[in-house]
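Data block below; observations after.
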Amino acid sequence: MSLIDTLRGRDYIETRDFSEPELELLLRTSDDLKSKFKAGVPHRYLADKTIFLFFFDKSTRTRNSFEAGITQLGGHAHFIDADTSQIAHGESPKDTGIILSRYGHGIAIRHDLLPSEGNSYMREVAHHADRPVINMQCDVDHPCQTLADLMTIREVYAERRGLKLTKSSTREVVKGLKIAVSWAYAPSYAKPMSVPQGLIMLMTRFGMQVTLAAPPEFKLMPDTLQAAQNFAAQSGAKFEITNSMEEAFADADVVYPKSWGCIDLFKQPQESLELSKKYKDWICDAQLMKAAKKEAIYMHCLPADRSNEVTDEVIDGPQSVVYDEAENRLHTCKAIMALTM
Amino acid sequence: MSLIDTLRGRDYIETRDFSEPELELLLRTSDDLKSKFKAGVPHRYLADKTIFLFFFDKSTRTRNSFEAGITQLGGHAHFIDADTSQIAHGESPKDTGIILSRYGHGIAIRHDLLPSEGNSYMREVAHHADRPVINMQCDVDHPCQTLADLMTIREVYAERRGLKLTKSSTREVVKGLKIAVSWAYAPSYAKPMSVPQGLIMLMTRFGMQVTLAAPPEFKLMPDTLQAAQNFAAQSGAKFEITNSMEEAFADADVVYPKSWGCIDLFKQPQESLELSKKYKDWICDAQLMKAAKKEAIYMHCLPADRSNEVTDEVIDGPQSVVYDEAENRLHTCKAIMALTM
Amino acid sequence: MSLIDTLRGRDYIETRDFSEPELELLLRTSDDLKSKFKAGVPHRYLADKTIFLFFFDKSTRTRNSFEAGITQLGGHAHFIDADTSQIAHGESPKDTGIILSRYGHGIAIRHDLLPSEGNSYMREVAHHADRPVINMQCDVDHPCQTLADLMTIREVYAERRGLKLTKSSTREVVKGLKIAVSWAYAPSYAKPMSVPQGLIMLMTRFGMQVTLAAPPEFKLMPDTLQAAQNFAAQSGAKFEITNSMEEAFADADVVYPKSWGCIDLFKQPQESLELSKKYKDWICDAQLMKAAKKEAIYMHCLPADRSNEVTDEVIDGPQSVVYDEAENRLHTCKAIMALTM
C-alpha cells in the first residue's frame with residue numbers, strides 16, 4: 001500500500017498517530033499546494049465536497065484557513081458554532097459522527113476549553129464516523145498548528161542551510177536545531193495546553209533539541225511529556241525541562257513562548273489568573289532574545305497578548321516569523337484535507 | 001404541461017399542496033440523486049445558484065442536509081440565524097420575499113416554535129417572493145422530514161417485498177402497512193407538533209393504515225386531523241386515534257414515537273413540562289416493541305431523547321432505521337431544491 | 001495604465017477615493033453584470049476566490065448581496081460576525097489585514113456603530129492588507145449603498161429621458177436632477193450617518209442639485225459637508241442645507257428621507273431617542289410627496305421604519321423604487337468585487 005493510500009480516510013487527531021514518512025508526505029504536499037496557490041494554478045482536488053467545521057470555542061485563524069482552503073480545493077465548509085446548532089442541546093457524538101458521514105466528506109472539530117474533554121469527544125465522533133475527523137485543537141494536541149510550525153521552521157532553515165525543500169527531508173533540514181518552548185504570562189482566560197504539548201511531541205521526532213520552560217505550577221499532561229521523551233530517545237534528540245525562560249532560550253535557534261493555563265485550575269479562571277500574576281516577568285522581550293542565537297526565529301500561533309507574552313519590538317521585529325507561520329496554517333490544512341478526505 | 005413543469009417555481013410548504021404524482025416524482029428524483037451521490041457522479045443541477053436558509057430556531061440536521069445538498073448540486077447556501085440578521089429587528093416578510101428573490105434562487109425557512117406563527121410567516125414571504133419558498137419545519141408541517149420518512153419506509157418495504165423502486169409506485173410498495181404515530185415523553189422544551197401532523201397527512205395518502213396515539217391533552221391541530229381523515233377516505237386507508245401507545249403499536253409495521261408539546265401550553269414551558277411528567281411511562285422500549293410486528297421498523301427524526309422517548313436498546317437495535325432516515329433528509333431536500341428552484 | 005488596471009487591488013472605502021471615470025466604470029460594469037445575471041449567462045470572474053465579510057454590526061441586505069454576489073462570480077464568502085470570532089477578543093487590525101491577505105482575495109468590513117471608529121479601523125486593516133478592503137458601511141460613508149442608489153437613479157432617468165445606458169454617461173443622465181436627502185423620524189437606536197453623508201458626497205459629483213434637510217441637532221460630519229460643497233463647486237451643481245423637509249422636497253426629482261443619530265449622542269441612546277421625539281412630524285407621507293415633482297421617485301436603503309420614517313402609502317406606492325434600489329446592491333457589489341479583487 002502506498003503512503004497516499006495509508007492517509008486516505010484516516011483521522012487526523014494527533015501527530016503521534018502518524019509515522020514520520022506520513023508526516024513528511026503531509027509537509028511535501030503542503031509545499032506543493034503553497035506553490036500552486038501562489039502561482040494561481042487551480043487545484044480542485046475536493047470538488048463539490050463538504051467538510052463540517054464544529055467550533056465549541058471561538059476561532060478566527062483556524063476557521064478562515066479551513067474555509068478558504070476547502071474553497072481553493074473546490075469544496076465547501078459548513079461553519080458551525082455550538083450556539084447555533086443542536087449539538088449544544090443533546091446531539092450525541094454517535095449521531096454526529098454517523099449522520100455527517102452520510103451528508104459530507106470530512107468532520108473537523110475544535111474543542112479545547114477543558115482538559116480531558118476535547119480529545120475524547122473527537123475520538124468518540126471518529127469511532128462512529130466513516131469519514132475522516134480532523135482535530136482543529138483539543139485539550140491534548142493542536143496538530144494543524146504544529147504541522148504549520150514545522151513547515152515554517154523547515155522553510156527558514158532550508159534556505160539558511162542552502163538545502164532544497166524538494167530534495168531534503170525535514171529531518172535533514174531541522175536536525176540539531178534547538179527550540180525553546182516556553183510558558184509566557186497573559187492576564188487572560190486559561191489557554192489550552194495543546195500547543196506546547198503538540199510542539200514537544202512533534203519537534204522531538206525530527207531530531208530537534210527541545211527545551212520546555214514553565215513555572216512549576218504550569219505542568220503539561222504527563223502523557224505528552226512521556227511521549228516527547230520517547231520520541232527524543234528514538235530520534236537521538238534531547239528533551240529537557242527547566243523552570244527558567246533564560247535557560248531555555250540559551251543558544252536556541254527557535255523560540256516559542258506562549259501562555260497556557262494551570263491544569264488544575266481550568267474551571268477556576270479567577271484563581272488561575274491570580275496564580276499567573278506571580279509570573280508577570282515571563283515575557284519575551286529584546287533582552288531575553290539576546291540569550292538565543294543571533295538569528296533565532298520568534299514564533300507564536302497568534303493571537304499574541306502584546307506587552308504581556310511578548311513586546312511589540314520582538315513580535316514586529318526582524319526575527320519574528322509569525323505571519324509566515326499563520327500563512328502556513330492554510331497550506332497545511334489544505335494538505336491534511338486533500339490527503340485524508 | 002409536464003409534471004416537472006408543474007414543480008418548477010413552486011413553493012414547498014406542506015405536502016398537501018402537492019398531488020400524489022408530484023410527490024411520487026419528488027421521491028423518484030430523491031432515489032436518483034441518492035444513487036448518483038453514492039456513485040460519485042456529479043449532478044450540478046443548480047450551478048452557482050443561491051438558496052437562503054433562515055433559521056428562527058436551532059437546527060443541525062436540517063441545516064447540514066440543505067447546505068451539503070446544495071453544494072453537491074453546484075450551488076451555495078447562506079446559513080442565516082435570526083440572531084445575526086436584521087430579520088430579528090424589523091425586516092418585513094414582504095421585504096424579505098421580494099429582495100431575496102432578486103438576489104438568489106430559493107428561500108428556505110425554519111420557524112416552528114409557536115403554533116400559528118411559522119406557517120403563516122412562510123406563506124406571507126411566499127406571497128411576495130418570485131422564487132420558491134421551502135418549509136424547513138413550521139408549526140403545521142415538516143414536509144422535508146416526512147418525505148424522507150416516506151422514502152425510508154418505501155426503501156425498506158420494497159426490498160422486503162421484492163419490488164424494484166424504479167418499477168413500483170410508492171402506493172404499491174407501502175399500501176396496507178400500518179404505522180403507529182405516537183406521542184412519547186421528554187422532559188424538554190415543548191417540541192413542535194409538525195412531525196406527527198405531517199406524518200398523518202402524508203402517510204394516509206399513500207394507503208397506509210395510520211394510528212395516532214397520544215395522552216388526551218396532547219391533541220394535534222384539528223385541521224390536520226381532518227386532512228388526514230379526508231386523505232384516508234380517498235385512498236381507502238384507515239386513520240384512527242387512540243389514547244394508548246400499546247394499542248397503536250399492535251401489529252404495526254412502522255412505529256414513530258416522539259415527544260411534542262401541548263397546543264395550549266407552548267408559551268408556558270413550565271406548565272407544559274409538569275403536564276408531560278404525568279406520562280413518563282410513554283417510552284418506546286423493548287417490551288413495547290413486542291406489541292408491533294416482529295420486523296417492524298423504529299423511526300425517529302432525531303435528536304431523540306434517549307431514556308425518555310426511547311431506550312438505547314431500541315434506538316440502537318436492529319429494528320431502528322434512524323440513520324437511514326436521517327440520511328434520506330439529504331437526498332429528499334436535494335430533490336426538492338433541484339425540482340423547484 | 002488603463003482604468004481597469006487602476007482599480008485592480010484598490011481599496012473601496014469611500015467614493016471620494018475614486019475619480020469620476022473610475023466610478024463610471026463601476027456603474028457600467030454593474031449594468032453589464034445585471035444583464036448577464038438576468039439572462040443566465042455565467043460570469044465566474046472570481047472562480048474559487050475568497051472574500052472575508054466581517055460584521056461588527058447586524059446586517060441582512062449587505063451580507064446577502066455580497067455572499068450571493070461572490071457565488072455568482074464563482075467564489076466564496078466567509079460570513080464572520082464579531083461574536084463568533086476572536087476579533088472580539090484581541091485580534092489586531094494589523095494581524096487581520098496581513099493574515100487574511102494570505103488566505104484569500106478580499107476583505108469586506110461593516111463597522112458603523114460609533115462615529116470615528118469604523119472608517120479608521122478599515123483604513124488600518126487596509127494599510128496592512130495586500131488585498132482590497134471593501135467598506136460595507138462605516139461611520140463616514142456607505143459607498144456600496146450609494147453606488148447602488150446612483151445606479152437606480154440613472155436607470156430610471158435614462159429611461160424617462162430616452163437615453164441609452166450604454167451610450168450616455170451618468171453625468172449626462174442625472175445632471176440637473178434635484179435630490180432631497182432628508183432626516184426622518186424613527187424611534188430606534190441611533191442609526192449611522194453614513195448614508196446621507198455618502199449621498200451628498202456622491203450625487204454632487206455628477207451634477208445633481210442636492211438639498212440636505214435635518215433638524216438643527218442632526219448635523220452631519222463637517223468634513224463630509226465640505227466635501228459635498230467642493231464637489232458641487234467642481235461639477236457646477238448646487239449643494240444646499242435647510243431645516244425644513246418641505247423645502248428640501250420642493251420640486252425634487254428624487255427624495256431620500258431616512259433617520260440617523262445625533263452625532264453627540266451615539267453613546268447615549270436614551271437621550272438620542274428623547275431628542276428624536278421632538279421631530280415626530282418628520283415623516284414622508286403622501287401630503288409631503290406633493291411638494292416634490294409629480295413623478296419624483298422615493299428611495300430608502302431599507303429596512304425602513306414604516307409609520308415613522310415613511311407611510312405605507314408612499315413606500316408601497318408607484319413612486320417608490322426601493323426594491324430596484326435593493327436589487328442594485330447585488331449588481332454594484334459584484335462590480336466592486338470583480339474589478340478590485
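Every chain is numbered from 1 and lettered A, B, ... according to where its sequence line falls, protein lines coming before strand lines. Computation of the quantities below employed the complete heavy-atom set of this structure, encompassing side-chain atoms and omitting hydrogens, waters and symmetry-equivalent molecules.
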Under 4.5 Å between any side-chain heavy atoms of [X] and [Y], yes or no?
X	Y	result
C/R61	B/I99	yes
C/N64	B/I80	yes
C/L330	B/R102	no
B/F52	C/E67	no

Original post:
Can you say whether C/H76 sits under 4.5 Å from chain B via the side chain, the backbone, both, or neither, judging by heavy atoms?
Top reply: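 Just its side chain gets close to chain B.
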Original post:
Is it the side chain or the backbone of C/D324 that comes within 4.5 Å of chain B heavy atoms, both, or neither?
Top reply: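 Both backbone and side chain.
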Subject >> Atom CD of C/E313: over 12 foreign heavy atoms under 6.0 Å >> reply: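 Open: at most 12 neighbouring heavy atoms sit under 6.0 Å from CD of C/E313.
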Original post:
Is the number of heavy atoms from other residues, nucleotides or ligands under 6.0 Å of C/Q268 CD greater than 12?
Top reply: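 Enclosed: over 12 neighbouring heavy atoms sit under 6.0 Å from CD of C/Q268.
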**OP:** Give the C-alpha distance, both sets of side-chain angles, the deciding distance and a yes or no for side chain to side chain contact (heavy atoms under 4.5 Å, CB included) between C/R329 and B/Y103.
**Re:** CA-CA 9 Å; C/R329 289 293 309 275; B/Y103 289 179; 3.4 Å; yes
Subject >> Shortest non-hydrogen contact between C/Y323 and B/K94, atoms and distance >> reply: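 Between these two residues, the closest heavy atoms are OH-CE, 3.5 Å.
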**OP:** Identify the two heavy atoms, one from C/R306 and one from B/D95, that lie closest to each other, and give their separation to 0.1 Å.
**Re:**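 Scanning both residues completely, I find the closest heavy atoms to be NH2-OD1, 4.1 Å.
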**OP:** Among C/K38, C/H331, C/R44, single out the residue with the greatest number of heavy-atom pairs under 4.5 Å to chain B.
**Re:**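 Result: the option with the highest number of such pairs is C/R44.
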**OP:** Nearest 0.5 Å please: distance from the CG atom of C/L302 over to the CD1 atom of B/I98.
**Re:**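 Taking CG in C/L302 and CD1 in B/I98, the distance rounds to 10.0 Å.
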